[in-house]
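Below is one structure, written out as structure tokens; comments come after it.
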Amino acid sequence: DGGITQSPKYLFRKEGQNVTLSCEQNLNHDAMYWYRQDPGQGLRLIYYSQIVNDFQKGDIAEGYSVSREKKESFPLTVTSAQKNPTAFYLCASSIRQGSYEQYFGPGTRLTVT
Amino acid sequence: QQQVKQSPQSLIVQKGGISIINCAYENTAFDYFPWYQQFPGKGPALLIAIRPDVSEKKEGRFTISFNKSAKQFSLHIMDSQPGDSATYFCAASTGGGSNYKLTFGKGTLLTVNP
């Protein structure tokens, strides 16, 4: 089955710890995205990557970091600098940057206490 | 600055009724307007999308109406069913290239009562 996988589905961390969220796709898509979803706030873009070894900041990149070493993988690290890290994180991909259709993974719910 | 305004925040409809969700945008450079459907605990899924060169697009019970002059577009769900209960997001984007990104509305929680 082709698609996007995110793991784990639920993640719990103590305040002050960095945590890395996994995103893998086997759709052979060039572009990948990370969004943050908070209740009543819609989806906000954190980072996106057009191609391997390249990525750009989205609207709310502060406190986050990413890497794109492989086409199929785009992990997101939530650092201790992120002031309000508890949220639902969604990874998405599209055939290429500028392709209108984005396909979303199932999400990871991160809780930091 | 919110570039895509969505209303209402929540909507309750009886089974068989029509659900209507509205969105307004400001950026006239937007040229693609998708709607996403999200069930609790899941990622959003593309439902239907429209380009500004058409005023309406229909797929089954779902219809997008687009008013370019008013910079508004809406989703109509005909014969709403309990299985349609979900959060719906409108979005907008500009044409491809390195500056491409989707801008989402804040979402509408639809509840269809049996």
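Each chain gets a letter, A, B and so on, in the order its sequence line appears, and its residues count up from 1. The structure displayed is predicted, hence computed values, not measured ones.
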Task: B:I64 reachable from B:F62 in the ILVMFWY side-chain graph, under 4.5 Å edges - done: yes
Open item on the list: So which atom in A:E101 and which in B:Y32 form the shortest heavy-atom distance, rounded to 0.1 Å?
Closed with: CG-OH, 3.8 Å
Open item on the list: Rounded at 0.5 Å granularity, tell me how far CZ in A:F104 sits from NZ in B:K42.
Closed with: 15.5 Å
Open item on the list: For residues B:L109 and B:L47: do they belong to one hydrophobic cluster (side chain heavy atoms under 4.5 Å, members Ile, Leu, Val, Met, Phe, Trp, Tyr)?
Closed with: no
TODO: State yes or no: do A:V52 and A:L76 share one hydrophobic cluster built from I, L, V, M, F, W and Y residues joined by side-chain heavy-atom distances below 4.5 Å, directly or via other members?
DONE: no
Task: Over 12 foreign heavy atoms within 6.0 Å of CD, B:Q9 - done: no
TODO: Find out whether A:Q102 and B:L46 are in side-chain contact, i.e. whether some heavy atom of one side chain is under 4.5 Å from a heavy atom of the other.
DONE: no
Open item on the list: Counting neighbours of CD on A:E62 that are heavy atoms of other residues, nucleotides or ligands and sit closer than 6.0 Å, is the number greater than 12?
Closed with: no
TODO: Identify whether B:V4 and B:I20 are in the same connected component of the hydrophobic contact network (ILVMFWY, side-chain heavy atoms under 4.5 Å).
DONE: no
Task: Proximal component of A:Q37, with respect to chain B [non-hydrogen, under 4.5 Å] - done: side chain
Open item on the list: With a 4.5 angstrom heavy-atom cut-off, is it the side chain or the backbone of A:L43 that approaches chain B, or both, or neither?
Closed with: both
Task: Shared hydrophobic cluster, B:V54 / B:F33 (ILVMFWY, side-chain heavy atoms < 4.5 Å) - done: yes
Task: Option in A:P39, A:G40, A:G107, A:G58 with maximal non-hydrogen atom pairs under 4.5 Å from chain B - done: A:G40
Task: Test item: A:K9 side-chain N/O and B:G41 main-chain N/O as donor-acceptor pair under 3.5 Å - done: yes
TODO: Give, as side chain, backbone, both or neither, the part of A:Y103 having an atom under 4.5 angstrom from any heavy atom of chain B.
DONE: neither
TODO: Measure distances from B:P44 to the heavy atoms of chain A and classify the residue's part below 4.5 Å as side chain, backbone, both or neither.
DONE: both
